[in-house]
Trainee: 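This is the structure, below, for whatever I ask next.
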Amino acid sequence: MPIAKVHRISAYSPDDASGIADAIARGDIDPRGVMAVFGKTEGNGCVNDFSRGFATATLTQFFSRYMPADDAAKICFVMSGGTEGAMAPHWTIFERAEGDGAAGPALAIGRAHTPALPAEHLGHAGQIAMVADGVRTAMQDAGITNADDVHFVQIKCPLLTAQRIGEATSRGATVATTSTLKSMGLSRAASALGVAVALGELKADAITPSDIGDNWSLYSGRASCSAGIELLGHEIVVLGLSKDWSGPLTIDHAVMADAIDIEPVRGAMQRLGFAANGQLSSAERDKLVALLAKAEPSQNAMLRGFRHTMLDDSDISPTRHARAFVCGALAGLVGHAEIYVSGGAEHQGPDGGGPVAVIARR
């Protein structure tokens, strides 16, 4: 019977695999069972954030020491750039083992890789359809048949570069935007809508082309999408519960209505057995394995009736402000800042809010 294992390991640079190596040496991690690595790297999180690609290349090479290169390439490396504020750079490693653990339902993990996305499909229905198919494949890989049992879908999606735009144009194709930065948001938007379609949160025929990246009333409460220059397709990781999995871990999720709406997260923790009456105690922090969240400044530049300036800063991207702000809010609840907060929450939760997943020991 499969058992999910999740390891959160501090990173001191985008190429620091020493903590992972130590965990393998102790026998805590069997590298052959690693399915995915979520990384928070200290780049800018924008188009030219090469810390993500640097980390991906480093970890691919690292795991190739323990398995054939083809197997290492199957690992989903979801690198999220930007550790603004006090957010701590770290790796969250998802491993599948076999054995007889505590009876389920328990945390289940599935993954999928899509083909390369044609540049002209980015931000359009073609990307929504590709991601929806990929999510269904990842659910099948996890052995999850009921979409209601899915609590979080993490996607790494591509973006457009000048070269990719030029290649599409040379074929007579038209891309959604010639702004490489805007392409990140459109890619996240279409990917999130693909998750919503796959999980039955939205119907594909209810989404019009003009909705993508604009109609914020349409969203998934379980999608987390991060765009990067380091890939051409999508890497998809589904996290949920299954009675066919065993082991000590469980998962729940919440949706923040805005950037300081921590009460739904507290509620998810309480459903998992935490007291969470205030900031988590030291004993409770030991039970919290990982906290995954999305962050996005509200488009009306207001937060609970007060003006914010995240959208007006010409020096720092709004997503960078939002990551730091949401991480701080959640850190006040859980008592540390080693939290995976990904910026850019287009169609991922309501405008200004976002989904959060809590992974804990049962």
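Reckoned from all heavy atoms, side chains included, excluding hydrogens, waters and symmetry mates. Sequence positions, counted from 1, serve as the residue numbers for this chain. This is a predicted model, so every value here is computed, not measured.
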Trainee: Atom CZ of F152 and atom OH of Y340: how far apart are they, to the nearest 0.5 Å?
Mentor: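 Interatomic distance, F152 CZ to Y340 OH, rounded to 0.5 Å: 8.0 Å.
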Trainee: Tell me whether E201 contacts the main-chain N or O of G221 through its side chain, where contact means a donor paired with an acceptor under 3.5 Å.
Mentor: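 At least one qualifying donor-acceptor pair exists.
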Trainee: Is the shortest heavy-atom distance from the side chain of I236 to the side chain of V153 under 4.5 Å?
Mentor: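 Yes. Closest side-chain heavy atoms under 4.5 Å.
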Trainee: For a quick test of reading the model, state the closest non-hydrogen atom pair linking H308 to S298 and the distance between them.
Mentor: NE2-OG, 3.1 Å
Trainee: So, the side chain of K294 versus the backbone of C225: is there a donor-acceptor pair under 3.5 Å, distance only?
Mentor: yes
Trainee: How close do G99 and S246 get, heavy atom to heavy atom, and via which atoms?
Mentor: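 Result for this residue pair: O-OG, 4.0 Å.
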Trainee: For atom CZ of R362, decide whether the heavy atoms of other residues, nucleotides or ligands shown that lie under 6.0 angstrom number more than 12.
Mentor: yes
Trainee: Just so I know, are the side chains of K156 and C76 near enough to count as touching, which here means a heavy-atom distance under 4.5 Å?
Mentor: no
Trainee: Answer yes or no: is there a side-chain heavy-atom contact under 4.5 Å between P209 and H124?
Mentor: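 P209 does not reach H124 side chain to side chain.
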Trainee: Quick one: are R323 and T83 in side-chain contact, heavy atoms under 4.5 Å?
Mentor: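 Side-chain contact under 4.5 Å: no.
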Trainee: Is there a continuous path of hydrophobic side-chain contacts, each under 4.5 Å between heavy atoms, that joins V341 to M256?
Mentor: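 In one cluster: yes.
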Trainee: Examine distances only and state if a side-chain atom of N215 and a backbone atom of D211 form a donor-acceptor pair shorter than 3.5 Å.
Mentor: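 Judged by distance alone, no pair lies under 3.5 Å.
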Trainee: Indicate, with yes or no, if L231 and M79 share a hydrophobic cluster defined by side-chain heavy-atom contacts under 4.5 Å among Ile, Leu, Val, Met, Phe, Trp and Tyr.
Mentor: no
Trainee: Would you give the length of the straight line joining atom CD1 of I128 to atom CD1 of I207, rounded to the nearest 0.5 angstrom?
Mentor: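 That separation rounds to 4.5 Å.
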Trainee: Looking at Q61, I'd like to know if its CD atom is crowded, meaning that more than 12 non-hydrogen atoms belonging to other residues, nucleotides or ligands lie closer than 6.0 Å.
Mentor: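 Check fails, neighbour count at 12 or below.
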Trainee: Indicate if I359 and M269 have the same hydrophobic cluster label, given that clusters are the connected sets of ILVMFWY residues with side-chain heavy-atom separations under 4.5 angstrom.
Mentor: no
Trainee: In this structure, are over 12 heavy atoms from other groups packed under 6.0 Å from K287 atom NZ?
Mentor: yes
Trainee: Given 3.5 Å as the limit, does a donor-acceptor pair link the side chain of R271 with the main chain of H253, or not?
Mentor: yes
Trainee: Determine whether V175 and I229 fall in the same hydrophobic cluster, where Ile, Leu, Val, Met, Phe, Trp and Tyr are linked whenever their side-chain heavy atoms lie under 4.5 Å apart.
Mentor: no
Trainee: Once rounded to the nearest 0.5 Å, what's the spacing between atom OG1 of T60 and atom CD of E230?
Mentor: 10.5 Å
Trainee: Under 3.5 Å, is there a donor-acceptor pair linking the side chains of S317 and T319?
Mentor: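 There is such a pair between these side chains.
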Trainee: Contact between V195 and V150 at the side-chain level, heavy atoms closer than 4.5 Å - yes or no?
Mentor: no
Trainee: Would you indicate whether the side-chain heavy atoms of H336 and L288 approach each other to under 4.5 Å?
Mentor: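 The answer is yes, as the side chains (C-beta and beyond) meet within the 4.5 Å cut-off.
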Trainee: So among I109, D141, I144, T137, which one has a side chain to side chain contact (heavy atoms under 4.5 Å, CB included) with V238?
Mentor: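 Only match with V238 under side chain to side chain contact (heavy atoms under 4.5 Å, CB included): I144.
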Trainee: How close do S183 and L160 get, heavy atom to heavy atom, and via which atoms?
Mentor: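 For S183 versus L160, the nearest heavy atoms are OG-N, 2.9 Å.
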Trainee: With no hydrogens and no angle check, just 3.5 Å: does a side-chain donor-acceptor pair link H7 and D28?
Mentor: no
Trainee: For G247 and I3, work out which heavy atoms get closest and say how close.
Mentor: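 Closest approach of G247 to I3, heavy atoms only: CA-CG2, 3.8 Å.
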Trainee: For a quick test of reading the model, state the closest non-hydrogen atom pair linking I251 to A357 and the distance between them.
Mentor: CD1-CB, 4.3 Å
Trainee: Check S224, S342, S226 against Q154 for a side chain to side chain donor-acceptor pair (under 3.5 Å) and give me the one that passes.
Mentor: S224
Trainee: Side chain to side chain contact (heavy atoms under 4.5 Å, CB included) between V6 and R8: does it pass, once the steps are laid out?
Mentor: CA-CA 7 Å; V6 180; R8 197 179 75 241; over 6 Å; no
Trainee: Okay, side chain of E296, backbone of G354: is any donor-acceptor separation there less than 3.5 Å?
Mentor: no
Trainee: Atom CD1 of I155 and atom NE2 of H234: how far apart are they, to the nearest 0.5 Å?
Mentor: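 Here the rounded value is 7.0 Å.
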Trainee: Count the heavy atoms of every other residue, nucleotide or ligand shown that sit under 6.0 Å from CG of D312, and state whether that count exceeds 12.
Mentor: yes
Trainee: Take a 6.0 Å sphere around CD of Q140 and say whether it holds more than 12 heavy atoms from other residues, nucleotides or ligands.
Mentor: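 No - once you tally the heavy atoms of other residues, nucleotides and ligands closer than 6.0 Å, there are 12 at most.
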Trainee: Can you tell whether the side chains of D205 and K203 come within less than 4.0 Å, N to carboxylate O?
Mentor: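 Salt bridge absent between D205 and K203.
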Trainee: Quick one: list whatever passes side-chain contact (heavy atoms from CB on, under 4.5 Å) with A173, sequence neighbours left out.
Mentor: E120, A168, R171
Trainee: Can you measure from CZ (R111) to CD1 (I75) and round to the nearest 0.5 angstrom?
Mentor: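 Answer for the CZ-CD1 pair, R111 versus I75, is 7.0 Å.
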Trainee: Measuring only between side-chain heavy atoms, which start at C-beta, is R32 closer than 4.5 Å to D71?
Mentor: no
Trainee: Would the distance check show the side chain of W245 and the main-chain N or O of G143 forming a donor-acceptor pair, the cut-off being under 3.5 Å?
Mentor: no
Trainee: Mind checking the CE-CG spacing from M1 to D244? Nearest 0.5 Å is all I need.
Mentor: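 Here the interatomic distance stands at 6.5 Å.
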Trainee: Would you say M35 and V237 make side-chain contact, with heavy atoms under 4.5 Å?
Mentor: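 Side-chain contact under 4.5 Å: no.
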Trainee: Tell me whether R285 contacts the main-chain N or O of L280 through its side chain, where contact means a donor paired with an acceptor under 3.5 Å.
Mentor: yes
Trainee: Can you name the nearest heavy-atom pair linking A259 to L303, along with the distance?
Mentor: N-CD1, 4.2 Å
Trainee: Tell me whether Y66 shares a hydrophobic cluster with W91, the cluster being built from Ile, Leu, Val, Met, Phe, Trp, Tyr side chains joined at under 4.5 Å.
Mentor: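 Linked, Y66 and W91 end up in one cluster.
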Trainee: Using 30° and 60° as the class limits, which term best fits the ring planes of H347 and W216: parallel, tilted or perpendicular?
Mentor: tilted
